[in-house]
There are 4 protein chains.
Amino acid sequence: MSKHEKSIEEAPLSRRAREQRERILSAAQQCFVKYGFHAASMANIAEAAEMSAGLIYRYFPNKSAIVLAIIEQQTEIELEDIRALSASTDFTEALVEAFAIWSKPTPDMRMMNAALFLETSAEATRDPQVAEAIQHADDLCFAEFRAWLARPREQGGVGMTAALSERRSLVFLCMIEGLAVRAARDPSMDLDLLRGALAEVMPRLIEE
Amino acid sequence: MSKHEKSIEEAPLSRRAREQRERILSAAQQCFVKYGFHAASMANIAEAAEMSAGLIYRYFPNKSAIVLAIIEQQTEIELEDIRALSASTDFTEALVEAFAIWSKPTPDMRMMNAALFLETSAEATRDPQVAEAIQHADDLCFAEFRAWLARPREQGGVGMTAALSERRSLVFLCMIEGLAVRAARDPSMDLDLLRGALAEVMPRLIEE
Amino acid sequence: MSKHEKSIEEAPLSRRAREQRERILSAAQQCFVKYGFHAASMANIAEAAEMSAGLIYRYFPNKSAIVLAIIEQQTEIELEDIRALSASTDFTEALVEAFAIWSKPTPDMRMMNAALFLETSAEATRDPQVAEAIQHADDLCFAEFRAWLARPREQGGVGMTAALSERRSLVFLCMIEGLAVRAARDPSMDLDLLRGALAEVMPRLIEE
Amino acid sequence: MSKHEKSIEEAPLSRRAREQRERILSAAQQCFVKYGFHAASMANIAEAAEMSAGLIYRYFPNKSAIVLAIIEQQTEIELEDIRALSASTDFTEALVEAFAIWSKPTPDMRMMNAALFLETSAEATRDPQVAEAIQHADDLCFAEFRAWLARPREQGGVGMTAALSERRSLVFLCMIEGLAVRAARDPSMDLDLLRGALAEVMPRLIEE
DNA sequence: TATGAATGAGGCTTCATTCAT
DNA sequence: TATGAATGAAGCCTCATTCAT
């Protein structure tokens, strides 16, 4: 559904193959978080995946493909985070929790990682393929936000007009992504301060 | 005082030496923006600086030192940007203009670059030296914001209480850094949309 | 007698085994023609043979053995080509046709291929085993030629003396092998030009 | 004059640079003769050139470029050999001597090597760049031969008609290239046999 | 018999860094 | 001060070969 441009030639992977791919991606994610996309070597990844470097090439054509796979995976997670956020009963608290997770050296693949997010964003500036994936993810995030903001209140939305929802979702995305930056730059920020700061701002941005 | 942790052994540089350093840093900045910290090679930098690769080592002990110098330089620029923002008569318009600059492949050293900013932030996650420089820069930015927000209105400030200014400056920093992320991820965003979105949000965050 | 130096330990191959070997050699030939001995990979060959890479090792101890087998096979084919040539009613036309076949990316295993022939000849320079196989094949070719040239006219031969037939068969071999070189270097040569050139030279070399 | 398609960007190489290139090419030639184009590694070449592998890349962009340079150099040598042949007073003896040189593991760069010649010819079958270089060289060789054969006898030529010279130069090229094949396949052939064989054939091919 | 996953060695290439000039 | 040649380590990737299944 969110996989694009590669539906061709995708042979149905065996269970083993899928597991290996997963193993590699998990190892890659760890390494990328730890060293960055460029500084992480295939040898690092192979070691983390507990396999030989050569074997990785049975499952991915090259390092770029792994980077891209991680990026796409991260964007999907980002989208899920956004969805969870807009579905939460307490938006402010949800943001605080997101920040808390982002500011930790991620132990779990199923979570966005701030450093990865920032590096990906920077990479979008240079690599057209990354830019495209990002563009796609952004569109979905925006659509998610706008849908939520424009939905009638009785359906769990905010009941904004279409025009307003567009502007406001931009502001929200900025806030969220700004929090990701904060998570990388100041991971030990006092959560209560953050909670207080958001609590007196977010409700107003939503309510009207 | 703004240069920290390296006041020792810093021999007084000759004019020539300072110019050469400047030349190298300027070249490095270009290259880092274009390729990223890791992908940019010393040869790239040397070429951009129109000097031999070997000569660079007379002014910097290694590539890391250049990266660090650029990062420190960028943080200073960031601080200046923040100062300019808080001194501007039209905060919203100033933000829009900042975004417009960030989203361009920087032509001018004296401006922050979004990709560099994000990569630096990610690097802070991994390199303690970078983290420290970032921490320092962040403190100054916060102080700047808080001073502005807490200053009486008749002195060009906003007249907030100390506690409120602390919370609000965090929100502002998030917004600004969120804009930097936007600049990298969606450099062709419609400026009017952004202007509209900010115009109906920022004033309220400032006024009270 | 035509298989040399390996009559020992050669267990009687089952029918299946022989077919598999044939299948592998056919695939290898295709790949070697297409990529060359070194650039063709076992994976290439396995794919062309429609079997797994591992299975190949049940029939050949290693890649070198396949190369050698192909070389030996090619030399046998070369010998057959020579025989056909000396048995043909129109020697010149037979040469032209041989050239035409050599200059095509071989569709048929049962034909010599110019690129393979040249690569094999070069390899003889380096690998003693190849050199030996070549030497053997050469001896047979010469013998074939000499027998034909020395045989009385009434028995389909040319009726040369033993000494002359030795010298002349050397010249013929040069011409033929030179044509193989031409086939590789100038595969689109005009056949009529070639026919004309040979027609006014070959008869005289044969007749006396 | 015989360098084609690369007149652009060719900065005037320093003396040192030229010597290094020469050194590398000489080493490469040795290695290619010894191992073949594909089997010779950059490490082999570096060792033979007594320099680090990395340094080679200061003078050649990649291995292919070295292969191509050697091929072009060989074709030039081939052309010179042809010229020398057509200028020699005793064509037959010149051929015998050429054979004698080709059949030795070449100690001198300034000589064609049979194995290299054959491998190059085979490679022309697969690599368009090589094919082009070969094509070019072939054209020149033919032109050389034809010019000689068509030139009046009083100017040292043979005085053939244009049409005949075309056909006959094809035959000569076949003979010469056939000798190169012989040199690779049977380097210890008896030179007297060869001399005798050629002596009774070549004069007739030239005289009329 | 057959597969194809797995490895390890080795190949090509890049690059930060040093050093003779 | 300045060059740029030179190195060595490391990076990415391929491939012949082995082996558990």
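These figures come from a predicted structure and were not determined experimentally. Chain naming here is simple, since letters A, B, ... match the order of the sequence lines and numbering starts at 1 in each.
Residue B:K63 has its side chain nearest to E:dT17 when only F:dC12, F:dT18, E:dT17 are considered.
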Sort me out a list of protein N/O and nucleotides 3-5 of chain F N/O pairs below 3.5 Å, or just none if empty.
{"unit_1": "F:dT3", "atom_1": "OP2", "unit_2": "B:S52", "atom_2": "N", "d": "3.1"}
{"unit_1": "F:dT3", "atom_1": "OP2", "unit_2": "B:S52", "atom_2": "OG", "d": "3.4"}
{"unit_1": "F:dA5", "atom_1": "OP2", "unit_2": "D:R58", "atom_2": "NH1", "d": "2.6"}
{"unit_1": "F:dA5", "atom_1": "N7", "unit_2": "D:R58", "atom_2": "NH2", "d": "3.4"}

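Going from atom CG of A:L68 over to atom CD of A:Q73 covers 12.0 Å, rounded to the nearest 0.5 Å. Atom CD of residue C:E76 and atom CD of residue C:Q74 lie 10.5 Å apart, to the nearest 0.5 angstrom. Residue D:Y35 holds its OH atom at 13.0 Å from CD of C:E123, rounded to the nearest 0.5 Å.
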According to the Watson-Crick and G-U wobble definition with distances under 3.5 Å, which dot-bracket string, read 5' to 3', encodes DNA chain F, using [ ] for crossing pairs and | for pairs with another strand? .||||||||||||||||||||

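In this model, the phosphate group of E:dT13 is approached by a side-chain N or O of D:Y57 to a distance below 4.0 Å at OP1 or OP2.
A distance-only check finds a donor-acceptor pair linking the side chain of D:K63 to the backbone of D:A40 [under 3.5 Å]. Counting only distance, with no hydrogens or angles, the side chain of C:R21 and the backbone of C:L13 share no donor-acceptor pair below 3.5 Å.
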Please list, one pair per line, the donor and acceptor atoms closer than 3.5 Å that link side chains of residues 42-61 of chain B to other protein atoms, with sequence neighbours excluded.
{"unit_1": "B:N44", "atom_1": "OD1", "unit_2": "B:S41", "atom_2": "N", "d": "2.9"}
{"unit_1": "B:N44", "atom_1": "OD1", "unit_2": "B:S41", "atom_2": "OG", "d": "3.2"}
{"unit_1": "B:S52", "atom_1": "OG", "unit_2": "B:L55", "atom_2": "N", "d": "3.3"}

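Of the residues in residues 33-48 of chain B, none lies under 4.0 Å from DNA chain F by heavy-atom distance.
B:S121 is linked by a side-chain hydrogen bond (donor to acceptor under 3.5 Å, both in side chains) to A:R185, counting only residues two or more places apart in sequence or in another chain. Residues meeting the ring pair (Phe, Tyr, Trp, His ring centres under 6.0 Å) test with C:F37, sequence neighbours left out: C:F32.
A salt bridge links B:E19 with B:R15; the closest basic N to acidic carboxylate O contact falls under 4.0 Å.
If you run side chain to side chain contact (heavy atoms under 4.5 Å, CB included) between D:I70 and each of D:L116, D:N113, D:T120, only D:L116 comes through.
Between the CD atom of B:E19 and the P atom of F:dT1 there is a distance of 13 Å, rounded to whole Å.
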